[in-house]
> 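My structure is below; once you've seen it, I'll send some questions.
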Amino acid sequence: MPLSVLILNGPNLNLLGTRQPEVYGTTTLADIERDCRSKAETLGFEIEFRQSNGEGALIDLIHAARGRHAGLILNAGAYTHTSIALMDAISSVELPTVEVHLSNIHRREPFRHQSYISKVALGQICGFGAFGYQMALDALAHHLRRPA
Ligand code: CA2
């Protein structure tokens, strides 16, 4: 059975491609989902691709991922910088997690330099726009196929 990966997107990412193209580009979340689906196929993964604006809803999706998915790719949006609750949810399910951001959060305002997600993630990919999701799928494939 193919390994399954949950790709989870946080607040305001549903607006991608419609506003602030100078910061976030013109790619929509639907474009990113389509590209993730074709990349996942080449890697032999199944994916579930979700977005929510709610912190609690994101936490519920992470809890539900336990036992259903082998890994998590998370762009938690602004909750990245604030949410101990999301960090705890990732710790609790013990799923290998790759953190993704479209923008290079370290070149932006100081309040974006802090990430609670990084403290529990395998690693962080940021600054490569939508391509970061493809990189995250490769990173998870590499991690999940490593010899025990
Ligand atoms: O760079 C990223 O991927 C972020 O996670 C995006 C978040 C931001 O709060 C993080 O610091 C970095 C914001 C997503 C907002 O997306 C929009 C898209 C179009 C128009 C307005 C917001």
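Only a predicted model underlies this, so the values are computations on that prediction, with no experimental measurement involved. Start at 1 and go down the list; that is how both ligands and their atoms are numbered.
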> Under 3.5 Å, is there a donor-acceptor pair linking the side chains of N53 and E55?
no

> Look at atom 1 (O) of ligand 1 and say which protein heavy atom is nearest, naming residue and atom and giving the distance to 0.1 Å.
S103 OG, 2.5 Å

> Quick one, L3 with E46, criterion side-chain contact (heavy atoms from CB on, under 4.5 Å). Give me CA distance, side-chain angles, the key distance, then yes/no.
CA-CA 6 Å; L3 290 177; E46 272 178 4; over 6 Å; no

> Indicate yes or no: does an N/O atom of H101 lie under 3.5 Å from an N/O atom of ligand 1?
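Yes, H101 has an N/O under 3.5 Å of an N/O on ligand 1.
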
> Against heavy atoms of H81, which atoms of ligand 1 measure under 4.0 Å?
10 (C), 11 (O)

> Identify, for atom 2 (C) of ligand 1, the protein heavy atom at the shortest distance, and state residue, atom and that distance.
L102 N, 3.4 Å

> Using a 3.5 Å cut-off on N or O atoms only, is N75 in polar contact with ligand 1?
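Between N75 and ligand 1, an N or O pair is found under 3.5 Å apart.
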
> Could you find the nearest protein heavy atom to atom 21 (C) of ligand 1 and give me its residue, atom name and distance?
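Of every protein heavy atom, Q20 OE1, 3.4 Å lies nearest to atom 21 (C) of ligand 1.
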
> Would you mind listing which atoms of ligand 1 come within a distance below 4.0 Å of any non-hydrogen atom of A78?
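Those qualifying, in numeric order: 9 (O).
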
> Looking at CG of L74 and CG of L86, how far apart are the two atoms once the value is rounded to the nearest 0.5 Å?
6.5 Å

> Which word best sums up how the rings of H113 and H106 line up, parallel for under 30°, tilted for 30 to 60°, or perpendicular for over 60°?
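Ring orientation of H113 relative to H106: tilted.
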
> Quick one about E99 and S115 (side-chain donor to acceptor, distance below 3.5 Å, no hydrogens or angles considered), yes or no?
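Indeed, the side chains of S115 and E99 share at least one donor-acceptor pair under 3.5 Å.
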
> With distance as the sole criterion, is a donor-acceptor pair present between the side chains of T28 and D31 under 3.5 Å?
yes

> One residue to check: R112. Relative to ligand 1, which of side chain, backbone, both or neither has a non-hydrogen atom less than 4.0 Å away?
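It is the side chain that touches ligand 1; the backbone stays farther off.
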
> Just need the protein heavy atom nearest to atom 13 (C) of ligand 1, so name the residue and atom and give the distance.
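Atom 13 (C) of ligand 1 sits closest to the protein heavy atom Y24 OH, 3.3 Å.
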
> Does atom CZ of R34 have more than 12 heavy-atom neighbours from other groups under 6.0 Å away?
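Yes - once you tally the heavy atoms of other residues, nucleotides and ligands closer than 6.0 Å, there are more than 12.
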
> Give me the nearest non-hydrogen protein atom to atom 16 (O) of ligand 1 as residue plus atom name, then the distance to 0.1 Å.
N12 O, 3.5 Å

> So that I can tick it off, tell me whether E33 and R37 are bridged by a salt bridge, with the cut-off set at under 4.0 angstrom between side-chain N and carboxylate O.
yes

> Checking a contact table here: which protein heavy atom is nearest atom 19 (C) of ligand 1, and how many Å away?
R19 O, 3.3 Å

